[in-house]
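Here is the structure we will look at, set down as structure tokens.
In what follows, every chain begins at residue 1, and chains take the letters A, B, ... in the order their sequences are listed.
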Amino acid sequence: MTNHWIDIRNSDVILIMGSNAAENHPISFKWVMKAREKGAKLISVDPRFTRTSARADMYAPIRSGADIVFLNGLLKYIIDNKLYDDFYIKNYTNCSFLVNEDFKMPGELDGVFSGYDEKNRKYNKKAWSFQTDAEGVVLKDRSLTNPFTVFQLLKKHVSRYDIDTVEMITGTPKDKVAEIYKTYASTGTPDRAATIMYAMGWTQHTVGTQIIRTMAMIQLMLGNMGVSGGGVNALRGESNVQGSTDHGLLFHILPGYLKTPRASTQTLQEYNDKWTPKTKEASSANWWGNYPKYSVSLLKAHYGSAATKDNDFGYSWLPKLDDGQNASWLMIFDQMIRGNFEGFFAWGQNPACSGANAGKVRKAMGKLKWMVTVNLFDNETGSFWKGPDVNPSDIKTEVFELPCAASCEKEGSITNSGRWAQWRYKAVDPPGQALPDSEIMNELFWRVKKLYEKDAGAYPDPVVKLAWDYGPKDLKGKIKKIDPHAIAKEINGYFMEDKEVKGKLYKKGTLVPSFGFLQADGSTSSGNWLYSQSYTEKGNMMARRSKKDPTGLGLYSEWSWCWPVNRRIIYNRASVDENGKPRNPKRPIVYWNGSKWIGDVPDGGWPPMANREKTRLAFIMKPHGVAHIFGPGRADGPFPEHYEPLESPIAANPLHKTRVNPAVKLFYTKDGKGLPEDVFRTNDPAYPHVATTYRVTEHWQTGVMTRHQPWQLEMQPQVFVEMSKELAREKGIKAGEKVNVSSARGKLWAIAVVTTRFKPMKIMNETVHQVGLPWCFGWQYPEGGGGGDSANLLTPNIGDANTMIPETKAFMVNVEKV
Amino acid sequence: MPNANVKERMSGTDVVKKRKGLMVTPDLCIACRGCQSACKQWNKLPGDKTLNSGEYENPPNLTANLYNQIHFIEKNKDVGIDWLFVRRACMHCGEA
């Protein structure tokens, strides 16, 4: 979230699309309802009428996977009717930038942008660049009339998404589209703000990143970024998903969104040079210019005194990915099924049910020599070897199950979707031999380290040099008990030697006050620069519980702590005029009092724009200092374009000849490349219905915690497939009957929920039925398989072009009577 | 309320004595069914083994082990539909 949960109450218009907040984030609805009490309009766009739709002022159905068409249509509506925030787009975005004259768009190149390399399914981005003067400064036209301005190019690009096209492709009735566009675009004035609440319904598509980018562009065009009641707000699916992402859970990032090193950057210098952006814009803060301070401080946190200037602070000890290598979820199981892994840790997860194309996942685990599951309960992953259609004697994988502590059985921080890191205390001891994850890691570290010390091994340094200073040690040097405070302090960072910064001397061992004090010379450490200031000499900021709210906007700045530097709404200096006066006096998030900023923590303390010399542009993380309407960083285009899901009900992309996102990795091709498990069938009469997957309020993720809970199971006991009355009539299916649902990859039984909440859609003048299933069930519990299995047995083996998140939200199935 | 009354207050008997009516605002309900679960927890009632009968509502009615249930009603309107969430309860408790 760029904003935070409570701030939803400050919105005038709330769009819930790609999420079902009432069912999957029910607590968030408290703030939605508060906004509605004050007159806000709630819009729900979803293939299915949900519990969210039941409380909405407007509901519109949409075919799964057609979101970009809907949103590009909104961009066109905003531009055609001049409803954009003119001041905002000229000052805070790259709308006025002149793009290279060679740049061509999908409307001109039959569905692709300039530079497409079909063989490698990749773009050469040379033409996706800006025109510059002799000094390298980007040329701009603040009148926005030059045909090569970002603004004019965008106008041309989205001109193809007229309302009739939107209706034909999305299946959303035109009158509904018009009503929603009008309501949402009404927030282009400074005194109104709209927010978006999205989740996996947007991310899990082959064009997921671009769906979210389209929405970010809409928010920028309407001036809704950096303001109270606005923002782009991702509702995260686990209580600490935000925290785990911040701390480098994913393969391509280290803590604090630093890049995972690649094989081609062999030295720290090369690595820092590659990832430290430069700028020619005089007024750009270019905050990532500080990259070396953060990377060196991270290495100091990892390796402590072993990291010195002479050994590149241990940079060579960091594991490196090959150039161009993707090591995300789908790739892990693809490599596993090909026999390229010996062992696997399934830590706090149940991939046998949560993984896309779960049949492949289950098969892949049988190729392992060993697997360790760390979980509260045994589940379909730990017991995969005795699952349906599996003969245990065929499986050679040795499975070790380690019981771990639940959230209330350990101390530590969790970071919510709004970036608030909140400290939690331990309430009870874990049962039996269960241990907190950190203790399990400590055991693992100690034993691996001892093995390296005993047997040397190929490359011991990355492990044996780790600082690992998280509590009192026993005589052998092993940490007796992990102290979560020691970890939190290391994340914040220390001065590693006496150091003078900003005219003040800090003693060795002092906690750094914030990331503004981190150094690139090895004199500071920080396990995650973004969390620097969370645990300082003033104490544990995350444990704060003050209910003071001086702005009245619900910032509660002394309740817990939020990154970066406790800024509750990021990009907040984009909410003011050139003199630092709030453009919306009703909800002033920051203002300049003549010498400093008051309100939320500003994005830097520089004076407002009127002070041409000293000011710094509001979007400090971008090298040019402004937000990207034209976004050349993406793999699949600087503007969002509609491509059909891998499996879709229509034969071709109605807009041009490029059916599927041209930059996605195809696991399976028509000429037979790929594994049989990766097969897909598009526009195939054998699989005529669009399907999507979701969660239900009554179960948590794959249901490992809730399927053992009789009260929850009583409410949602079995997997179901929701369908329209029309489809049920066509197939002779009655509500409550068991039916089979199948895709090209797998099948499962489900109970038919026949409802008016799904309706047949008209897509390109053809009737299309959509169905939906939850993925929270599994064969193991309730006993005897009475609850059914996970809908992920059906989902396809394909991911987004930028993130490789699997496309589980739009695929094709058949539904038949048993 | 003085501490001596805590036990009585927790049991809800004082509320029952003073209560004139029960205000329910279904407009605010999102049918999360947290109350359905919480009621079971409060009254220490076991979960019943159920089957999905083709809709979200479950169990289909109040039982000896279910004192509070959310009834889901789908209704066609002139334009679109309504999904109404109505709370059905034993009406014996003071806390709800």
Problem set entry | chain A contact via P60(B) - side chain, backbone, both or neither, heavy atoms under 4.5 Å | neither

Seminar exercise, completed: Okay, F29(A) and chain B: the region with an atom under 4.5 Å from a heavy atom over there is side chain

Problem set entry | Side chain / backbone / both / neither for A752(A) at chain B, heavy atoms under 4.5 Å | backbone

Exercise. Which heavy atom in P26(A) sits nearest to a heavy atom in C32(B), and how many Å separate them?
Worked result: CB-CB, 4.2 Å

Exercise. Is chain A contacted by the side chain of I70(B), its backbone, both, or neither, given a heavy-atom distance below 4.5 Å?
Worked result: neither

Exercise. So with a 6.0 Å cut-off around CD1 of I73(B), is the heavy-atom count from everything else above 12?
Worked result: yes

Problem set entry | Top of I751(A), V696(A), V721(A), L713(A) for chain B proximity - count of heavy-atom pairs under 4.5 angstrom | I751(A)

Using atom types as modelled and no hydrogens or angles, find all donor-acceptor pairs between chain B and chain A shorter than 3.5 Å.
unit_1	atom_1	unit_2	atom_2	d
P26(B)	O	R55(A)	NH1	3.4
D27(B)	O	R55(A)	NE	3.1
C29(B)	O	R55(A)	NH1	2.4
A31(B)	O	R51(A)	NH1	2.5
R33(B)	NE	E698(A)	OE2	3.0
R33(B)	NH2	E698(A)	OE2	2.8
S37(B)	OG	Q712(A)	OE1	2.7
K40(B)	NZ	E714(A)	OE1	2.6
K40(B)	NZ	E714(A)	OE2	3.3
L45(B)	O	W711(A)	NE1	2.7
D48(B)	N	E714(A)	OE1	2.7
T50(B)	OG1	E714(A)	O	2.8
N52(B)	N	Q718(A)	OE1	2.7
Y56(B)	OH	R48(A)	NH1	2.8
Y56(B)	OH	E722(A)	OE1	2.9
Y56(B)	OH	E722(A)	OE2	3.4
E74(B)	OE1	T755(A)	OG1	2.8
E74(B)	OE1	T756(A)	N	3.0
E74(B)	OE1	T756(A)	OG1	2.7
E74(B)	OE2	T755(A)	OG1	2.8
E74(B)	OE2	R757(A)	NE	3.1

Seminar exercise, completed: By side chain to side chain contact (heavy atoms under 4.5 Å, CB included), A38(B) pairs with (sequence neighbours left out) none

For this session: Using a cut-off of under 4.5 Å on heavy-atom pairs, state which of P717(A), P710(A), G736(A) scores highest against chain B.
Result: P717(A)

Exercise. Relative to chain B, which segment of M715(A) carries a heavy atom at a distance below 4.5 Å: side chain, backbone, both, or neither?
Worked result: both

